[in-house]
J.: 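Dumping the structure here so I can ask a few things about it.
We count residues from 1, following the sequence as given. The structure displayed is predicted, hence computed values, not measured ones.
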Amino acid sequence: MKSAKDAPKRKSDIYTHTVNFYLQHSKDISEKKEQNIKKIQDAREITFDFSEDIERSIEVGKKVIIISPEEQTALIEGLTGCGYTVFFFDPANIAQVVGSIGALRVSTKSTKQDEEQSNEAIQADQLIWFDAPEAFAQRKGIYDPAKLGVEETLARLKAQSGTHFFLRKIKYDRSLCQYENRHQEICARCAEVCPSGSITKNLRKNSLEIQQADCIGCGRCVAVCPTGALDYAAMPHSLFQDICALYEENIVLLLPDSINLDNLSIPLPENVLPLVIEHDEFLDEQHFLTLVQTTGNPVILYTETVSELTENIVRLINDIFAKVYQQQAVFLCRDEAALNQAFEQLAPLQRCLYRPEEKGAGKRDTVSRRLAHIVGENDFGAVESGPYLHYGKVEVKGEQCTVCAGCVNVCRAGALTVNREQTALLCTPSLCTGCGYCTLICPEENCLQLVRDRLSLAPEYFSQNVLAEDELFRCIECGAGFAPAKSVKKVRAIMQPLFKDDAVKIKTLSCCPDCKAKIMLEATEGHLSKI
């Protein structure tokens, strides 16, 4: 049994290594170095004190499944001798593998000819899978001897047996998720980019399932989530904002802790200050905008491996800054040569300085306000936002909209709202994630249309626009306004033929809810008095 001392520890040497790296390579004067070391220290303390990556543990037993096209007698005997219970399957018979370390479930295909249904799943704690599919390459508790070798496979399997400690890396707010409880799938980008399979779609419940024990903490799901339903627990957006405030007026050099600073021997120009983060792939457009607009300087990300998602985010930010300022905001560097080149191209971006209070604000709302500040009162055209980042704009076709507010009720990004007093449907385009659920839910055929993956850099894109408006229909009994006139007329057109000659029911179609109930009650009492 493992003890708490075996639990994953925060890297206490990050602070020391960062300071040493800065002191050895920075060209800042001594007084400036003293101030910047304090900033590095404060950033480290804030991260340590306020990160939300809560420690958890699960018990991993000794049930193991071996999946191999060839017999593995020696391997099975070796594991059995160490107290493991071993199951063996041919990969041709595997239908599905789900679950997480300590609770993996393997379903096999039916033995009946020409049937694809699965038998009852076999549960195990860990898997040894020869030539495992790429989708399982980074799954915890699944080991491929063809890549690791048998000796390393056994070492890892045995090391994970017993009490398995892990940190909760991802925070999840279901109320903001655009996949959760939808009638049709419009978003599951987090599951698509997750390399470890820790985020899966529960098709029966129409909800996401996050296996925190399987999460490798890369953060791609956070970067791709359009609404901020997912956040990086080790450095939530609110915590990141506080750290950015410490680096005001500095040029930030972002470094994932996978970078060996001892091997990075490059002079740091004056005012360049390193910020070491656990991973770099959780960084989204909100992070980069916060850094640039808080410091008034470009930001440099130095990382040896760059995902297509990160490239897409950096390209979008740079396209915007190129349009507005004719400057680069984010320098993405993969080697020292690129880093040196970035240092030579650095230029202040004081014009974009913006330091609002963002506590409690949503991701898309924060990005919208930051971009609105950059654009100001000018029109700089538009930039393309695909393929991972989706910005859109809802448009209304003709006079079909009845302002029923059905689209408003399903818009979790807050792009669509309704003004009850003006009986108007409003849209803030910059908040739109391009999910398209509003077009699916709209009862009017081809009424709502969506312009996808185009982010406009004009003032009206960041303000509420009137999509449709109507007169307020007033109750024929009390005169109170209670619904858009088009909606009432539409309901009357549908229901009146069904009510035929029932004058009372027909009358209620033009009444507010209170008067409707009153009229129906009076009609019922009158009917009863005649009996």
Side-chain angles (χ1 to χ4, degrees), residues 11 13-14 17-18 20-22 24-27 40 43 134 137-138 147 189 192-196 216-224 232 234-235 240 243-244 247 250-292 295 297-322 325 327-347 349 383-389:
K11 295 187 177 181
D13 59 351
I14 287 179
H17 281 182
T18 307
N20 289 342
F21 171 72
Y22 171 69
Q24 291 172 10
H25 301 287
S26 177
K27 294 183 178 181
I40 296 173
E134 191 62 33
Q138 297 192 57
K147 295 179 179 178
R189 296 166 198 152
E192 294 168 4
V193 302
C194 178
S196 66
I216 61 175
C218 69
R220 292 180 189 176
C221 57
V222 176
V224 81
Y232 200 61
M235 190 175 284
F240 188 81
I243 292 174
C244 289
Y247 285 72
N250 287 108
I251 298 169
V252 176
L253 171 59
L254 285 169
L255 299 162
D257 67 15
S258 59
I259 297 290
N260 189 334
L261 296 182
D262 295 334
N263 295 335
L264 188 59
S265 57
I266 186 168
L268 298 179
E270 292 182 8
N271 208 35
V272 173
L273 191 58
L275 172 59
V276 176
I277 53 179
E278 187 172 350
H279 287 278
D280 58 281
E281 291 185 294
F282 76 90
L283 298 169
D284 58 24
E285 60 269 42
Q286 180 178 351
H287 292 104
F288 287 117
L289 285 171
T290 301
L291 264 177
V292 175
T295 64
N297 287 301
V299 59
I300 306 167
L301 172 58
Y302 181 76
T303 179
E304 295 171 343
T305 57
V306 182
S307 69
E308 186 180 357
L309 171 58
T310 298
E311 287 184 331
N312 186 208
I313 293 169
V314 171
R315 179 198 57 77
L316 177 65
I317 297 296
N318 283 334
D319 284 351
I320 293 170
F321 275 74
Y325 302 114
Q327 285 184 234
Q328 191 168 337
V330 183
F331 290 86
L332 186 57
C333 306
R334 297 175 176 83
D335 52 45
E336 291 189 17
L339 195 54
N340 271 318
Q341 187 177 7
F343 288 154
E344 295 174 358
Q345 296 175 350
L346 293 174
L349 280 164
V383 294
E384 302 300 318
S385 64
Y388 291 101
L389 308 179

J.: Identify the heavy atoms of Pro274 and Thr18 that sit nearest to each other, and give their distance.
T.: CG-CG2, 3.9 Å
J.: Please confirm whether the backbone N or O of Gly386 pairs with a side-chain atom of Asn312, one donor and one acceptor, at under 3.5 Å?
T.: yes
J.: Any luck finding a side-chain donor-acceptor pair between His17 and Asn20 under 3.5 Å?
T.: no
J.: Tell me the closest heavy-atom pair linking Pro267 and Lys27, and the distance in Å.
T.: CB-CE, 3.9 Å
J.: How many angstroms lie between atom CG of Asp335 and atom OG1 of Thr303, to the nearest 0.5 angstrom?
T.: 11.5 Å
J.: How long is the straight-line distance from CZ of Phe288 back to SG of Cys244, given to the nearest 0.5 Å?
T.: 11.0 Å
J.: Please report the interatomic distance CZ(Phe331) to CG(Leu253), rounded to the nearest 0.5 Å.
T.: 12.5 Å
J.: Crowded around Gln345 CD? As in, over 12 foreign heavy atoms under 6.0 Å?
T.: yes
J.: Within the distance-only criterion (no hydrogens, no angle test), does the side chain of Tyr232 pair as donor or acceptor with the backbone N or O of Gly217 below 3.5 angstrom?
T.: yes
J.: Is there side-chain contact between Arg189 and Tyr388, with heavy atoms separated by less than 4.5 Å?
T.: no
J.: Nearest 0.5 Å, what's the CG-CZ distance between Asn260 and Phe21?
T.: 11.0 Å
J.: Does the side chain to side chain contact (heavy atoms under 4.5 Å, CB included) test come out yes or no for Val292 and Ile317, once each step is laid out?
T.: CA-CA 10 Å; Val292 175; Ile317 297 296; 5.7 Å; no
J.: Provide the closest heavy-atom pair for Leu291 versus Thr295 in the form atom of the first, atom of the second, distance.
T.: O-OG1, 2.8 Å
J.: Take Ile313 and Leu283 through the test side chain to side chain contact (heavy atoms under 4.5 Å, CB included) and record every step on the way to the result.
T.: CA-CA 9 Å; Ile313 293 169; Leu283 298 169; over 6 Å; no
J.: Any heavy-atom pair between the side chains of Asn297 and Leu346 that's under 4.5 Å?
T.: no
J.: When you compare the side chain of Arg334 with that of Val306, does any pair of heavy atoms fall below 4.5 Å?
T.: yes
J.: As a quick check of understanding, evaluate side chain to side chain contact (heavy atoms under 4.5 Å, CB included) for Arg220 and Cys194, giving each step before the final call.
T.: CA-CA 7 Å; Arg220 292 180 189 176; Cys194 178; over 6 Å; no
J.: Give me the atom names and distance for the closest heavy-atom approach of Glu278 to Asp257.
T.: O-OD1, 3.1 Å
J.: Just wondering, do Tyr22 and Leu261 contact through their side chains at under 4.5 Å, heavy atoms?
T.: no
J.: Is any side-chain heavy atom of Phe240 less than 4.5 Å from a side-chain heavy atom of Gln286?
T.: no
J.: To the nearest 0.5 Å, tell me how far Phe343 CZ sits from Asn340 CG.
T.: 7.0 Å
J.: Looking at CG of Leu316 and CD of Glu285, how far apart are the two atoms once the value is rounded to the nearest 0.5 Å?
T.: 6.5 Å
J.: Identify the two heavy atoms, one from Leu332 and one from Glu311, that lie closest to each other, and give their separation to 0.1 Å.
T.: CD2-CG, 4.1 Å
J.: Taking all non-hydrogen atoms of both residues into account, name the closest pair between His25 and Ser265 and its distance.
T.: CE1-CA, 3.6 Å
J.: Indicate yes or no: at least one non-hydrogen side-chain atom of Leu275 is less than 4.5 angstrom from one of Asn250.
T.: no
